[in-house]
Amino acid sequence: MKIKFLGATRQVTGSSYFLDGGGVKILVDCGLFQERDYFHRNWEDFPVPPDQIRYLLLTHVHLDHCGLVPKLVKEGFAGDILLTPASKELFPIVVLDSARMQEEDVAFKKERHDREGRKGSYPEMPLYTIQDAEKCFPLLKDVPYEEFLPLSDQVKVCFHDAGHILGSAMIEIVVQDENGPRNIIFSGDIGQWDKPLLGNPSVFDRADYVVMESTYGDRNHGSSQDIDDKLCKVVNDTVKAGGNVLIPTFAVERAQELLYHFNRLARADRIPYVVTFLDSPMAVEITKVFEQCKKYFDKETQELFKDGQSPFNFPSLKLVESVEASKAINPIKESAIIMAGSGMITGGRIKHHLVKEITRPESTLLFVGYQAVGTLGRQILDGVSPVRILGQSYPVRMKIEKIDGFSAHADMNDLQRWLSSFKSPPKHVFLIHGEEKSILSLEDYLHSKGGWEVSAPIYMEEYDL
Ligand SMILES: [Zn+2]
C-alpha cells in the first residue's frame, strides 16, 4: 500500500491523500485550497487521474476537506463517495453553497476587472457550477459509525466519530495483504473533549500508521466559561457603543454553535435579545439537518430537544436567505449581530457587510474561527491596515476581537491527549494539516515521549505503508 500526500502538507487547507494498494485506489478527502499562496492548486489537474479512483472517503464536510469534490466528479471520478449519514445530509448543502458562492464571486470580480480594464490571476469562471455540484449527489453512500465496510478483498474501512462537527469522522482503513494486516488511521479534524453539542473524539489503543492533523499543535484554547464571558462582553460593549457585531462564520456548526450560545445567554439575561441576522442561504437548511440528526449530538443537547424547543432558535433571530434581503441589512439605527460566510473572509456576503462596517469604530469584528495565513481574515487579525476588500482599500477602524475556544479543533492539550491513547507508538505518524510551527511543536512532543517515528510530508510526497 502506498500513500501520497496531495494537500494540507505543512499548511492547513486542501486535505487530500491518495492510497493505492490491496487492489483498490482510494482518495481520502478532496479539499479546497484556501490559502492565497496555494489557490493555483485548485486550478491544476488532479495529481491522480480521477477516473482511476474507486472510492472517495470524506472525513467531514468542511470545504478544506470536501470543496474540490465537484471538480473531481467533473473531471471523471465516477466511484462511490463514502461518508457518515449526517455528512450525507450536509454535503449537498455545503457544496451547492460553495458553487453558488464561487459563481457570485466570479461574476462580481469579472465586473470589477472589466471596469478596471485588467485581468485576474485565475480564469474568470467558477471552479465548478451548481450543476457540477449536483452531479456528485448520486455517488454519495452513507456508512454508519463503527461499522466495517469492505472496499476490496484486502481492504476495509470504518468511520469513527471525530467530535469535530456534526457527522465528522476519523477514518480507519485496514489492509490485509501478503505483508500481513495493517491499519491506518486518518484523524480527520479532531474535535474537543467536553464541548457543547457534540460527543468526544474517538481514541484508539493501537495503529500501524496515523495521519494526524496538527492545526493547533502549538497552542491551547481558552475554556468554555471564557467563551460565554467574552461573548457577553463583546455584545454588551458594542451595543452600548451603538455599533454592530460582525462575525465571519463557517456555516456548518459554528453558526449553530453561536446561536446556541446567544440563545442561552439571552435567556440568562446576560445579553439583550439583540436582532441577530444569520445571513446565509444555508442557515435554514442546516438547522433542519441539525434537527433531523438529533441522535448524533451529546446527551445534554438531546435533552434540550426533548422539551420541544430548538437550541438553535430564539425570538430575535432573523434568517436571511436571498441576496436582496442580505443587501437590505443596514442596521445603523439599532445594534445588531450579523453572522455571514465565509469564515475566513475569503469570499461570500461577509465582505459586503465588512465594507459597511470596517471604518466604524463603534462596531466590532469578532473572529470565532481559525484564520489561515494568506486570508483576508488573517490579515485583519494580524493588524494589517488598510486592507483591500472587493477591490478597494479601507482603513481598519472597527474593533477587532477574537475568541479561540470556539474552535471545533482540538487544541495542543487535546492533540496530546489523543496521541496518549495509543498504548504503544505506531510504526509511523504523519503530521499534516498544520502550519510549520504547529507541526514542529507536535514533533518535539512525540520525540520527547521516545520511540515515536514522525514525519511531516511535503506536497506530493509518497510513502510505502
Ligand atoms: Zn474541519
Side-chain angles (χ1 to χ4, degrees), residues 8 12 15 17 28-29 31 57-62 64-66 83-87 90 143-147 157-173 183-207 209-224 227 250 252-254 256-257 260 290 293 295-302 369-370 404-423 425-426 429-434 438-439 441-442 445-446 449:
V12 176
S15 274
Y17 316 99
V28 176
D29 285 344
L57 316 179
L58 294 181
T59 58
H60 63 291
V61 302
H62 275 154
D64 61 322
H65 293 258
C66 72
L83 70 185
T84 65
S87 289
L90 294 169
V143 184
Y145 285 120
E146 302 303 324
E147 277 182 25
V157 66
C158 184
F159 289 73
H160 305 276
D161 193 353
H164 168 62
I165 61 166
L166 184 64
S168 64
M170 298 177 183
I171 293 180
E172 180 179 11
I173 293 173
N183 76 337
I184 307 145
I185 290 166
F186 289 86
S187 74
D189 286 358
I190 303 175
Q192 296 185 46
W193 274 263
D194 309 320
K195 224 184 107 128
L197 304 180
L198 298 173
N200 290 336
S202 301
V203 292
F204 303 87
D205 289 354
R206 65 163 305 281
Y209 299 95
V210 174
V211 179
M212 182 189 178
E213 71 119 325
S214 352
T215 322
Y216 286 93
D218 63 338
R219 55 207 184 282
N220 283 317
H221 308 316
S223 72
S224 188
I227 290 182
F250 296 96
V252 188
E253 202 82 17
R254 189 57 41 83
Q256 284 72 32
E257 212 177 338
Y260 167 89
F290 269 57
C293 292
K295 67 171 178 176
Y296 298 109
F297 290 108
D298 63 13
K299 285 206 182 72
E300 278 173 39
T301 310
Q302 292 186 27
Y370 181 77
D404 268 339
F406 253 122
S407 176
H409 279 274
D411 64 6
M412 183 172 77
N413 287 343
D414 292 329
L415 292 176
Q416 295 182 359
R417 176 174 180 175
W418 189 75
L419 284 163
S420 304
S421 68
F422 292 101
K423 295 212 170 98
V429 177
F430 301 99
L431 296 176
I432 42 98
H433 201 293
S438 296
I439 288 179
S441 158
L442 262 186
Y445 167 75
L446 287 173
K449 280 165 74 89

Min side-chain heavy-atom separation [X]-[Y] under 4.5 Å:
X	Y	answer
Ser420	Lys449	yes
Tyr445	Leu415	no
Asp414	Ile190	no
Leu57	Ile173	yes
Tyr209	Val211	no

| request: List in chain and number order the residues that pass ring-ring contact (aromatic ring centres under 6.0 Å, His included) with Phe422, two or more places apart in sequence or in another chain; answer none if no residue qualifies. | output: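 Trp418.
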Is the backbone N or O of [Y] less than 3.5 Å from a side-chain atom of [X], with the two atoms forming a donor-acceptor pair by type?
X	Y	answer
Asp411	His221	yes
Asn220	Asn413	yes
Glu253	Leu166	yes
Ser441	Gly217	yes

Might you point out which heavy atoms bring [X] and [Y] nearest each other, and give the distance in Å?
X	Y	value
Ala410	Gly191	CB-O, 3.4 Å
Ile165	Ala408	CG2-CB, 4.3 Å
Ala207	Asn183	CA-OD1, 3.2 Å
Thr215	Glu213	OG1-OE1, 2.5 Å
Gly167	Ala86	CA-CB, 3.7 Å
Ser168	Ser87	N-OG, 4.4 Å

Applying side chain to side chain donor-acceptor pair (under 3.5 Å), name anything that partners [X], two or more places apart in sequence or on another chain.
X	result
Asp29	Thr59, His65
Tyr370	Glu435
His160	Glu146, Glu172
Ser187	none

I'd like to check the side-chain contact (heavy atoms from CB on, under 4.5 Å) partners of [X]; sequence neighbours left out, ordered by chain and number.
X	value
Ser214	Leu431, Ile439, Leu442
Pro85	Asp142, Tyr296
Thr301	Leu197, Phe297, Asp298, Phe305, Pro311
Val143	Leu82, Leu149, Phe159

| message | Would Ser438 and Met412 count as a side-chain contact (heavy atoms from CB on, under 4.5 Å) here? Give the steps. | response | CA-CA 9 Å; Ser438 296; Met412 183 172 77; over 6 Å; no
| request: With sequence neighbours excluded, tell me which residues meet salt bridge (charged side-chain N to carboxylate O under 4.0 Å, His left out) with Arg206. | output: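 So Arg206 forms a salt bridge (charged side-chain N to carboxylate O under 4.0 Å, His left out) with Asp208.
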| With sequence neighbours excluded, what pairs up with Glu257 under the salt bridge (charged side-chain N to carboxylate O under 4.0 Å, His left out) test? |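 Checked Glu257 against salt bridge (charged side-chain N to carboxylate O under 4.0 Å, His left out); matches are Lys195, Arg254.
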Mind checking the [atom1]-[atom2] spacing from [X] to [Y]? Nearest 0.5 Å is all I need.
X	Y	atom1	atom2	answer
Met170	Tyr145	CE	OH	10.0 Å
Asp189	His60	CG	NE2	3.5 Å
His164	His409	NE2	NE2	4.5 Å

| said: Quick one about His433 and Asp64 (side-chain donor to acceptor, distance below 3.5 Å, no hydrogens or angles considered), yes or no? | reply: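 Side chains of Asp64 and His433: pair found under 3.5 Å.
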Mind listing the side-chain donor-acceptor pairs of residues 198-205 below 3.5 Å, one per line with the distance, residues two or more places apart or on another chain?
from: Asn200; atom 1: OD1; to: Asp194; atom 2: N; distance (Å): 2.8
from: Ser202; atom 1: OG; to: Asp161; atom 2: N; distance (Å): 3.3
from: Ser202; atom 1: OG; to: Asp161; atom 2: O; distance (Å): 2.6

